[in-house]
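These notes are about the structure you will find just below.
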Amino acid sequence: MQCSQLRNVAIIAHVDHGKTTLVDEMLKQGGVYRENQAVIDRVMDSNDLERERGITILAKNTAVQYGDVKINIVDTPGHADFGGEVERILKMVNGVILLVDAAEGPMPQTRFVLSRALELGHRVIVVINKIDRPDQRIYEVIDEVLELLLDLDATDEQLDSPMLFCSARQGIASFAPDVTGNDLRPLFDTIVDYIPAPEADVDAPFQMLVSSIDYNEFVGRIAIGRIERGTLRQNQEIAVCNYHSGRPLEKAKAVSLYQFEGLNRTAVTEASAGNIIALSGIGDITIGDTICAAEAPEPLPFVKISAPTMEMTFSVNDSPFAGREGKYVTSRNIRDRLMRETLKDVSLRVSETDTTDAFNVAGRGEMHLSILIETMRREGYEFQVSPPRVLYQMVDGKKCEPIERLVVDVPENAVGSVIEKMGVRKGELLEMTPIGKRMKLEFLVPSRSLFGYRNEFLTDTRGEGIMASVFDSYAPFKGEVSRRSTGSLVAFETGESVGYGLFNAQERGALFIGPGTPVYAGMIVGVSPKSEDIAVNVCKKKQLTNMRASGSDDALRLIPPRSMSLEQCLEFLADDELLEVTPKNLRLRKRLLDHGERMRARAAKAGK
């Protein structure tokens with residue numbers, strides 16, 4: 001296939017602005033499915049976690065045929081924590097489709113992904129999506145997109161980007177906001193006319209930059225990338241090199257070649273410059289490597305991935321219940337799994353600690369690390385994690401911390417409480433924009449100040465608020481911020497919780513467990529409204545007597561326990577607490593399980 005018949009395009013947007021839904025419709029109208037074929041929604045979100053949470057976590061490739069032109073499409077994540085996926089994918093494409101919600105307008109991740117695309121000089125097609133929303137405000141959003149392009153120093157050509165108006169759910173697009181389209185033909189035509197075909201020399205020696213890695217149990221690692229120049233044939237001798245690491249040249253053979261056709265990979269015997277291909281046969285290939293013709297090894301520079309801003313310690317589970325529920329429990333199991341993750345996630349960093357039983361894992365945010373934790377526990381791993389902590393940097397001799405650009409969309413009556421809470425958390429209000437009966441607020445706030453804030457935010461806005469943040473910059477340390485104003489209810493002895501003990505404990509605070517739950521001394525069983533921890537005995541049984549008294553045999557009324565998700569558990573953790581993660585349970589616990597040891601440690605801290 002000639003380069004002129006190819007278009008490589010990525011779809012970028014903020015989370016939940018409709019990227020995966022748009023890809024669904026492009027596949028349907030691109031003839032990928034039979035007319036009577038049953039199709040699941042969000043077909044590109046193939047991972048179980050993606051389908052459960054309704055978000056895209058991993059960037060994925062697909063392709064549609066539109067007339068004589070093959071359009072390679074990359075669906076990317078919208079959540080800021082998976083920005084590393086977007087950054088590396090942009091090296092594979094020649095243009096981007098920027099999707100913006102017709103009601104929400106540009107959000108923090110819109111700014112982030114657009115700035116990366118503009119830096120690479122990519123052409124941009126702006127698509128205002130969800131024009132069928134009753135609260136759409138198309139004309140204001142058009143102005144906001146143009147302001148964003150100006151703000152990001154777009155070139156004159158990028159400022160003149162074509163703008164389309166679409167409803168991904170209905171599968172329609174048009175060139176004017178007040179004209180209803182019939183199908184996605186305007187979008188396909190704009191891609192073909194506006195996005196340039198890959199410029200490549202088919203006759204030069206083969207060269208390809210690896211932008212993504214897949215894994216298959218039968219063939220091992222599969223390298224995915226765009227061929228920069230030349231032609232690759234099956235079983236051809238190739239060389240692997242790296243521009244940044246300077247690793248020694250490694251010879252290999254192109255065992256199998258695949259091109260993307262719809263939702264499938266099709267085996268081919270050769271592929272030429274401009275195509276996005278998958279290639280197996282190289283044992284330890286990693287993202288950022290360059291695959292070249294054996295006679296002309298020339299490595300290509302890889303896009304600089306933004307550094308992690310947050311870190312957690314993953315360690316071997318040492319609780320009294322250790323080893324009961326997990327399949328992989330040793331430090332070697334945990335280390336191997338974490339190192340394997342770094343091969344396909346370029347924005348994750350794993351480092352050794354002073355002990356052999358613990359590893360520091362740094363990532364882009366709480367969501368980034370929580371997805372890794374959830375994936376590992378589903379695979380049968382058992383371990384414990386520390387509270388998340390931010391990574392500081394020394395800039396010009398000053399201690400600097402990561403600052404997030406936070407955008408919240410809240411009802412007018414919740415504005416006061418949100419601004420008050422942000423003030424306590426050292427947040428700086430940048431601007432306020434009224435949107436109907438709601439208000440859009442933008443803050444610069446330290447990353448550590450957002451730990452544990454999401455639940456509070458939902459309470460303050462009665463569940464109607466929307467918040468989204470993205471890393472902005474490093475700034476001088478803003479001073480201490482209290483992580484949590486509440487204490488924990490801590491189990492005093494090991495055993496099984498009973499109704500009588502829980503009934504007495506629930507007077508002290510909200511419980512996380514119900515009757516019949518195995519507990520151990522030092523395990524956190526609830527939250528106390530007071531700032532200090534309270535030891536409670538949830539295993540205490542009622543003393544039985546042979547006397548009857550009025551009212552003593554009344555049924556005990558227990559308040560239903562509060563169910564905590566993984567993210568809520570991570571947000572809840574105080575500095576002296578850990579989260580025990582097993583395939584079956586999440587247990588909050590104190591670092592020091594013994595009550596006496598905790599009291600001595602607290603007294604020693606107070607004595608300082």
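- Using a cut-off of 4.0 Å between Lys/Arg side-chain N and Asp/Glu carboxylate O, Glu311 and Arg389 are scored as salt-bridged.
- No donor-acceptor distance shorter than 3.5 angstrom exists from the side chain of Glu597 to the backbone of Asp594, with no hydrogens or angles considered.
- Side-chain atoms of Asn585 do not come within 3.5 Å of backbone N or O of Arg587 as any donor-acceptor pair.
- Enclosure of atom CZ in Arg462 is not indicated, since only 12 or fewer non-hydrogen atoms of other residues, nucleotides or ligands lie within 6.0 angstrom.
- Cation-pi geometry between Lys399 and Tyr392 is met: under 6.0 angstrom from the ring centre, within 45 degrees of the axis.
- Proximity of Asn129 to Val100: side-chain heavy atoms (C-beta onward) are nowhere separated by under 4.5 Å.
- Of the possible donor and acceptor atoms, none in the side chain of Asp472 sits under 3.5 Å from a partner among the backbone N and O of Glu404.
- Ring-centre distance between Phe314 and Phe359: not below the 6.0 Å cut-off.
- With hydrogens and angles ignored, the 3.5 Å screen pairs no side-chain donor or acceptor of Lys540 with any backbone N or O of Asn504.
- When side chains are defined from C-beta on, Ser315 does not count as touching Phe383, because their heavy atoms never get closer than 4.5 Å.
- Between the side chains of Asn360 and Thr353, no donor-acceptor pair of N or O atoms lies under 3.5 Å.
- Judged by distance alone, the side chain of Glu577 and the main-chain N or O of Ala574 form a donor-acceptor pair under 3.5 Å.
- Around atom NZ of Lys478, no more than 12 heavy atoms belonging to other residues, nucleotides or ligands sit under 6.0 Å away.
- Ser370 places no side-chain N or O within donor-acceptor distance of the main-chain N or O of Glu567, the cut-off being under 3.5 Å.
- Side-chain contact between Arg133 and Asp101 is present, with heavy atoms from C-beta onward closer than 4.5 Å.
- At a threshold of 4.5 Å between non-hydrogen side-chain atoms, the residues Leu489 and Ile524 do not count as touching.
- Checking side-chain atoms of Thr309 against main-chain N and O of Pro402 turns up no donor-acceptor pair under 3.5 Å.
- Of the possible donor and acceptor atoms, one in the side chain of Ser528 sits under 3.5 Å from a partner among the backbone N and O of Lys530.
- Annotation: Tyr328, atom OH; neighbour count of heavy atoms from other residues, nucleotides and ligands within 6.0 Å does not exceed 12.
- Salt bridge Lys421/Glu456: present, at least one basic N to carboxylate O contact under 4.0 Å.
- In this structure, Glu382 CD and Asn333 CG are separated by 11.0 Å, a value rounded to the nearest 0.5 Å.
- For Phe492, the CZ atom counts as loosely surrounded, since its 6.0 Å shell holds 12 or fewer non-hydrogen atoms of other residues, nucleotides or ligands.
- More than 12 heavy atoms of other shown residues, nucleotides or ligands fall within 6.0 angstrom of atom CZ in Arg591.
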Criterion side-chain contact (heavy atoms from CB on, under 4.5 Å) on Leu430 and Glu428, from CA distance to verdict: CA-CA 6 Å; Leu430 296 181; Glu428 176 190 336; 3.9 Å; yes

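- Using modelled atom types, one side-chain atom of Thr375 and one backbone atom of Ile371 make a donor-acceptor pair closer than 3.5 Å.
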Please step through salt bridge (charged side-chain N to carboxylate O under 4.0 Å, His left out) for the pair Lys590 and Asp533, ending with a clear verdict. CA-CA 10 Å; Lys590 288 290 180 182; Asp533 297 336; 2.6 Å; yes

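- Val316 is not listed as a side-chain neighbour of Thr356, based on a closest heavy-atom distance of 4.5 Å or more.
- Side chain of Arg364 to main chain of Pro308: no donor-acceptor pair is present (N/O by atom type, distance under 3.5 Å, no hydrogens or angles).
- Of all heavy-atom pairs between Ala362 and Leu369, the closest is C-CD2, 4.4 Å.
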For Arg405 and Phe443, run side-chain contact (heavy atoms from CB on, under 4.5 Å): C-alpha distance rounded to whole Å, both residues' side-chain angles, the deciding distance at 0.1 Å, then the answer. CA-CA 6 Å; Arg405 181 180 290 268; Phe443 297 92; over 6 Å; no

Could you go through the side-chain contact (heavy atoms from CB on, under 4.5 Å) check for Glu431 and Lys440 one step at a time? CA-CA 8 Å; Glu431 61 178 90; Lys440 192 173 180 180; over 6 Å; no

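- Residue Pro529 comes nearest to Gly509 through the heavy atom pair CD-CA, 4.0 Å, listed as atom of the first residue, atom of the second, then distance.
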